[in-house]
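Counting starts at 1 for both ligands and their atoms, in listed order.
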Amino acid sequence: FFSFKHYFAQDELPYDDDQEGLNEQIVFTFSHVVAENTPKGLAAAKFAELVEKKSNGIIKIVVFPNGSLYSDIEEISALQEGQVDIIAPSTSKLGMISPTWGVLDLPFIFPNDDAINEGLDGPIGESLLQSLQNSGMKGMAHWTNGLKQFTTNQGPIIHPDDVAGQTFRIMQSDVLKTQYDYLNALSIKESFNSTYDLLDSGKVDGEENTISNIYSKKFYNLQKHLTISNHGYLGYAVIMNDKVWGAQSAETKRILSEAIEETSEWNRKQAIEMNKEQLESIKENSNIQIHELTQAEKQAWLERFAPIYDSLAPQIGEKLIFDIKKLKE
Ligand code: LMR
């Protein structure tokens, strides 16, 4: 399976200090769990393409999509153990590494796409990436997907009370679980790629995700209702194994950094367009009932979720919550 040479930190460096530049093939593996036609899938492919071009084909990034190497539940430890070089888990899954990441899971933390960029570009985004350092990981960038929506097979979700008694598949995040607790709903933390079967078998009534994930994994074929609620953020931290990063030459680091920066810039515009286009495709290709929350309906959700900010402040960090809320003003 790994027929190519795979450099781990302890291997001989593929870099000759006597000569400027790179002279031997370097291969990095990049594992992620979503489909290729999604904001993350396309960003990973773009990153690989840019790195290859900038290094004249010397550095290759082999991308494994759809959880074909590791599921979202396995990928973080696989990265820490050096079984894969790069991953891009949703930030929700990093709360188990450092609870500060939970700030991005707070309900309605970002009112729109511009606020996401504002929040992650500055010191907040940087300090979150830095927090991975102690766990053997080099946080390289934030990529976005967008805002999450609800889907369900029970009645339409309009008011927070509509969710009571339903069971939802959620990501591995205590902050997300707390939200379902506040809605008197059950939530189960299962892997992304088990979601289709969970919905199909009726083990869960619904799930929450961005349009691009609902579209590319065809959840809309299994669900009766979709609520455009924009109630939560879904984005990714692109992370490299810290030892692998540390073992690279200055030239390789420069190429990787430049490529990731260009990709991140591109990903932002691309994610917004993709979610918009795919919502139109869902409308055209399915009978799912779509409801977009009105401002008044959204207000009821904000009120229901308001106490969560205070109750989770001790674990996430009061200052962080204060700083991120200030961005909205
Ligand atoms: C999910 O688990 O629902 C998402 O995080 C999947 C992803 O990586 O977008």
Side-chain angles (χ1 to χ4, degrees), residues 30-45 47 63-76 78-79 84 86-97 101-102 104-105 107 109-110 113 116 120 128 139 141-152 167-177 179-180 187-200 203-220 222-223 226-227 229-239 263-264 267-268 270-272 274-275 278:
F30 186 157
S31 169
H32 71 79
V33 300
V34 294
E36 285 163 292
N37 62 331
T38 56
K40 177 164 59 178
L42 291 185
F47 176 52
V63 181
F64 296 88
N66 289 309
S68 58
L69 264 195
Y70 297 105
S71 77
D72 36 358
I73 293 175
E74 302 158 335
E75 66 188 355
I76 295 173
L79 182 85
V84 60
I86 307 169
I87 58 171
S90 74
T91 57
S92 310
K93 294 159 192 164
L94 292 168
M96 24 192 177
I97 301 291
W101 285 94
L104 301 180
D105 272 344
I109 190 71
F110 295 125
D113 291 302
I116 297 176
L120 295 178
L128 289 170
H142 290 277
W143 289 350
T144 183
N145 186 324
L147 297 170
K148 286 182 291 185
Q149 325 300 347
F150 292 114
T151 67
T152 182
T167 305
F168 274 71
R169 177 270 166 180
I170 59 165
M171 294 184 273
Q172 318 285 300
S173 156
D174 289 340
V175 178
L176 295 180
K177 184 180 178 306
Q179 292 167 44
Y180 285 85
S187 56
I188 58 170
K189 296 173 184 162
E190 290 282 359
S191 73
F192 177 60
N193 282 301
S194 68
T195 308
Y196 189 94
D197 286 342
L198 290 168
L199 293 169
D200 197 28
K203 286 198 184 106
V204 300
D205 300 305
E207 57 86 51
E208 51 167 38
N209 238 305
T210 54
I211 291 295
S212 65
N213 278 340
I214 294 167
Y215 177 75
S216 58
K217 292 292 176 183
K218 298 195 162 52
F219 299 156
Y220 63 89
L222 303 171
Q223 298 271 267
L226 164 63
T227 303
S229 50
N230 292 322
H231 67 278
Y233 166 70
L234 178 61
Y236 310 106
V238 189
I239 312 171
T263 307
S264 307
N267 153 257
R268 291 176 175 192
Q270 209 275 329
I272 296 170
M274 191 158 218
N275 281 302
Q278 293 180 340

* Structure fact -> Counting heavy atoms under 4.0 Å, the part of N209 that contacts ligand 1 is side chain

Is a donor on one side and an acceptor on the other found under 3.5 Å between the side chain of [X] and the backbone of [Y]?
| X | Y | value |
| --- | --- | --- |
| D72 | F192 | yes |
| E190 | R169 | no |
| D205 | T167 | yes |
| E74 | S71 | yes |

* Asked: Any N or O of N213 that comes nearer than 3.5 Å to an N or O of ligand 1?
  -> yes

* Asked: Purely on distance, is any nitrogen or oxygen of E208 under 3.5 Å from one on ligand 1?
  -> no

* How about K189: does its NZ atom have over 12 heavy atoms from other parts shown lying under 6.0 Å from it? -> yes

Which atoms of ligand 1 sit under 4.0 Å from any heavy atom of [X]?
| X | value |
| --- | --- |
| S90 | 5 (O) |
| K93 | 1 (C), 2 (O), 4 (C), 5 (O), 6 (C) |
| D72 | 2 (O) |
| L234 | 5 (O), 9 (O) |
| K40 | 7 (C), 8 (O) |
| V33 | 8 (O) |

* **R268 and D113 ion-paired at < 4.0 Å** => no

* Structure fact -> The single option from T38, L199, N66 that satisfies side-chain contact (heavy atoms from CB on, under 4.5 Å) with K217 is N66

* Asked: Would you call H32 a ligand 1 contact, heavy-atom distance under 4.0 Å?
  -> no

* Out of curiosity, is R169 lining ligand 1, as in a heavy atom under 4.0 Å away? -> yes

* Verify whether the ring centers belonging to H231 and F150 lie closer than 6.0 Å. => yes

* Asked: With side chains defined as the heavy atoms from C-beta onward, is the minimum distance between Q149 and T210 less than 4.5 Å?
  -> no

* Asked: Closest non-hydrogen protein atom to atom 7 (C) of ligand 1, residue and atom name please, with distance?
  -> V34 CG1, 3.3 Å

* Asked: To the nearest 0.1 Å, how far is atom 9 (O) of ligand 1 from its closest protein heavy atom, and which atom is that?
  -> Y236 OH, 2.5 Å

